[in-house]
Amino acid sequence: MDSHARTTDGNPEKAGIALPSETSLRAEIAIATRLLNSLKILEYSGHVSALLPGNETLLVQPQEKSRAEVSPEDLLVCDMDGKVVAGPKGVKPPSEVFLHCEIYRERPDVKSIAHFHNDATNVFTLVEDMHLLPFKNHAIRWRSGIPVHADPAHVSNSEQGRSVAATLGAHHAMQIRAHGQIVTAETVRGAFIDSLHLVENAEAAYRAAAIGKVKPLTDAELDSFAHSFRRDHHIRKLWSYYVRGALREGLFPVSWSEQK
């Protein structure tokens, strides 16, 4: 999986680096899904997708497949209208496939999306005047903000998907009130790591609020961290850490982590 070599801005395509193959993307989605499930972020509901080369189709898991059991060969190829164009006959994509489709339509920089339902994170949509801000250093990813979509309904059609994409705007993550989270990234690995950090940031903020007045990071503190932070290096480091740990536990076959 050397196609994830270091770039200057975290966008392999923009830097002229070869994009991952479909085989590699299938393996990474399956790995990320099982990892997020084992970390109790994805659990029984949610999905990770990736845009396929050509930007006209995406990979996503089947609706009924357990997140603990998703394999590369299980993934469906869907078009930008949410229709299955390759996969087992009669197998349906997630009902919220439309949020993936419409975000990809609107955001050419986004190559992978994770949608999950983490309570500790979503609680910030349930109280007044308590926004989820950057509290931990890696939350610099959301320095521009984490918008909240007002409609808690499932995103079950293209119109709702477009509305969600409009709420997301140019940001890298959002919340759906009383529902869940959407994280966008330039790679599947990036979406996995960002999902971890979004939840970590929310949990830290929640605990801090329980003992006193919270102090989100200031612009000066974020600037200081940004000066030395290397996103691509960080993603490689954490991906390797979590994958190696999962392999020791037998969470998925070694062959998945070796796909090109």
Side-chain angles (χ1 to χ4, degrees), residues 32 35-49 67 94-96 98-100 102-103 106-107 110 112-157 159-185 190-226 229 238:
L35 285 173
L36 289 172
N37 179 76
S38 71
L39 293 166
K40 299 191 181 303
I41 293 175
L42 206 60
E43 298 192 277
Y44 63 85
S45 183
H47 16 85
V48 178
S49 72
R67 280 69 182 162
S95 59
E96 293 190 298
F98 302 98
L99 70 83
H100 298 267
E102 299 304 330
I103 290 173
E106 293 298 319
R107 290 283 299 277
V110 173
S112 182
I113 297 169
H115 174 47
F116 49 95
H117 311 92
N118 179 258
D119 284 344
T121 306
N122 203 244
V123 73
F124 287 87
T125 73
L126 307 179
V127 295
E128 293 185 4
D129 302 322
M130 180 60 77
H131 303 291
L132 183 54
L133 301 171
F135 287 89
K136 299 193 70 176
N137 55 3
H138 290 115
I140 192 172
R141 176 71 171 166
W142 309 289
R143 184 175 189 170
S144 67
I146 303 173
V148 176
H149 190 63
D151 184 358
H154 278 80
V155 186
S156 56
N157 58 57
E159 182 180 359
Q160 290 174 312
R162 288 191 291 272
S163 182
V164 164
T167 297
L168 176 66
H171 304 288
H172 298 303
M174 63 176 288
Q175 297 221 66
I176 302 176
R177 174 169 157 74
H179 177 157
Q181 300 75 40
I182 297 172
V183 170
T184 67
F192 166 70
I193 301 304
D194 288 347
S195 297
L196 294 184
H197 287 325
L198 186 73
V199 171
E200 289 171 350
N201 184 65
E203 290 176 341
Y206 187 91
R207 288 194 294 269
I211 62 174
K213 184 178 180 180
V214 295
K215 294 175 59 178
L217 292 171
T218 65
D219 284 339
E221 289 169 332
L222 289 169
D223 286 341
S224 176
F225 180 68
F229 180 53
L238 266 68

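Side chains are part of it too, since the values below use all heavy atoms of this structure and drop only hydrogens, waters and symmetry mates. The model shown is predicted, which means the values in this text are computed figures rather than measured ones.
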Rounded to the nearest 0.5 Å, what separates atom CD in Gln160 from atom CD1 in Ile176?
9.5 Å

Return the CG to CD1 distance between Leu198 and Ile41, rounded to the nearest 0.5 Å.
9.0 Å

Excluding sequence neighbours, so at least two apart, what forms side-chain hydrogen bond (donor to acceptor under 3.5 Å, both in side chains) with Arg162?
none

Results of side-chain hydrogen bond (donor to acceptor under 3.5 Å, both in side chains) for Asn118 - residues two or more places apart only
Thr121

Residues two or more places apart in sequence or in another chain: which of them pass salt bridge (charged side-chain N to carboxylate O under 4.0 Å, His left out) with Asp223?
Arg143

Which pairs with one or both residues in residues 198-217 pass side chain to side chain donor-acceptor pair (under 3.5 Å), sequence neighbours excluded?
His197-Glu200

Hey, does [Y] have a side-chain heavy atom less than 4.5 Å from the side chain of [X]?
X      : Y      : value
His172 : Asp194 : no
Ile113 : Leu99  : yes
His171 : Ile146 : no
Phe116 : Val199 : yes
Phe229 : His138 : yes
Ser112 : Val48  : yes
Val148 : Phe124 : no

For Pro152 and Ala178, the nearest pair of non-hydrogen atoms, with its separation, is CB-CB, 4.3 Å

With His115, which residues qualify under ring pair (Phe, Tyr, Trp, His ring centres under 6.0 Å), at least two apart?
His47, His117, His179

Going by the rule ring pair (Phe, Tyr, Trp, His ring centres under 6.0 Å), which residues pair with His149 if we only count those two or more places apart in sequence or in a different chain?
none

Exam field: side chain Arg67 to backbone Gly46, donor-acceptor pair closer than 3.5 Å
yes

